[in-house]
Amino acid sequence: MDPVVTRFAPSPTGRLHLGHAYSAIRAHDRARARGGRFLLRIEDIDGTRSRPEHIDAILADLAWLGLTWDGEVVRQSRRLDRYTAALERLRAMGLLYPCCCTRAEVAEAMSAPHGAFPLYPGTCRSLAAADLSRPHAWRLDMAAAVARVGPLVWRDGDRVIAADPLAQGDVVLARKDAPASYHLAVTVDDAAQGVTDVVRGVDLFAATHVHRLLQALLGLPVPRWHHHALLTGADGERLAKRHGAPALAALRERGEDGRALAERLRAGDFPNGAAIPTFGA
Ligand code: GLU
């Protein structure tokens with residue numbers, strides 16, 4: 001079996017909190033327990049929200065928790081040409097369309113009923129000729145993409161999940177303000193870095209349907225996923241949202257013992273919610 005390669009891939013748009021620490025530890029320990037590699041990737045394609053001071057704090061937080069990573073810290077902002085190349089390939093397959101909708105227009109389009117949760121209804125998909133002089137994003141024509149590759153599955157731990165990317169709608173692959181979106185950059189980088197096991201929170205479970213599809217379209221290797229439960233407050237509510245989870249930097253700066261905190265996280269001292277949604281195959 002190939003050596004295990006995992007990664008922690010934070011976006012430096014704010015301070016890390018306990019939930020990030022938990023995720024980083026899960027990814028780190030999975031690699032270390034198997035003699036594998038643990039990589040650190042900074043997801044800073046969002047030039048307006050990413051801040052260098054947050055990157056410095058991430059590195060300090062991880063070291064404080066006693067985590068070590070292998071190789072260079074990869075920064076997505078330095079790899080934009082790779083995302084552009086992947087985007088070009090998808091465009092050449094006829095699977096992308098430009099979308100000039102403003103945020104307000106997208107919000108309005110999504111407020112119409114579409115089933116279980118709001119989806120972009122493809123307003124720009126049928127435009128004969130888009131005005132490319134206007135700021136535009138590039139969206140994936142999801143129905144066409146799914147038709148091209150056919151049914152797909154992916155593995156979450158020992159479960160086999162039927163991919164359902166259609167439920168995510170025509171996702172954005174290149175933003176108006178950046179040559180890639182989260183979905184595209186993550187997919188390209190996980191393959192380029194040889195990641196075999198993607199360990200991340202269950203909040204990104206739905207995104208995996210899209211990532212699996214992009215891998216099939218781009219002919220990329222398919223990792224295993226391990227979506228873990230999110231830390232919660234005692235009431236079961238996700239920690240990050242409601243409870244103002246303390247920033248790791250604040251704990252670190254007031255002299256708390258990061259390694260001891262990591263041990264408590266490993267021991268399950270903090271409550272967490274359901275690990276995998278009950279829907280899916
Ligand atoms: N950068 C993403 C985040 O901070 C995580 C990416 C991933 O694990 O796939 O939420």
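Just so you know, these numbers come straight off a predicted model, no measurement behind them. We use all heavy atoms of the structure for the numbers below, so side chains are in, but hydrogens, waters and symmetry mates are not. Just so you know, ligand 1 is whichever comes first in the structure, and atom 1 is the first atom listed for that ligand.
- Nearest non-hydrogen protein atom to atom 8 (O) of ligand 1 is Arg7 NH1, 2.7 Å.
- Near Ser11, with a cut-off below 4.0 Å to any heavy atom, the atoms of ligand 1 are 1 (N), 2 (C), 3 (C), 4 (O).
- When only modelled atom types and interatomic distance are considered, His209 and Trp154 share a side-chain donor-acceptor pair under 3.5 Å.
- Among all non-hydrogen protein atoms, the one lying nearest atom 6 (C) of ligand 1 is Glu43 OE1, 3.2 Å.
- A distance-only check finds no donor-acceptor pair linking the side chain of Thr13 to the backbone of Ser50 [under 3.5 Å].
- With hydrogens left out, the protein atom closest to atom 9 (O) of ligand 1 is Arg200 NH1, 2.7 Å, a heavy atom.
- Within a 6.0 Å radius of CD in Glu72, other residues, nucleotides and ligands contribute 12 heavy atoms or fewer.
- Residue contacts with ligand 1: His20 is excluded, as none of its non-hydrogen atoms falls under 4.0 Å.
- Defined by atom type and a distance below 3.5 Å, a donor-acceptor pair is present between the side-chain atoms of Asp189 and Tyr83.
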Show me the side-chain donor-acceptor pairs of residues 144-153 shorter than 3.5 Å, one per line, residues at least two apart or across chains.
none

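- Side-chain N/O atoms of Thr6 and Arg37 include no donor and acceptor closer than 3.5 Å.
- Residue Leu204 holds the heavy atom nearest to atom 10 (O) of ligand 1 of all those in Val198, Thr13, Leu204.
- The distance from ligand 1 to the heavy atoms of Tyr182 drops below 4.0 Å at these ligand atoms: 6 (C), 7 (C), 9 (O).
- For ligand 1, the polar-atom distance check finds an N/O of Ala9 within less than 3.5 Å of one of the ligand's N/O atoms.
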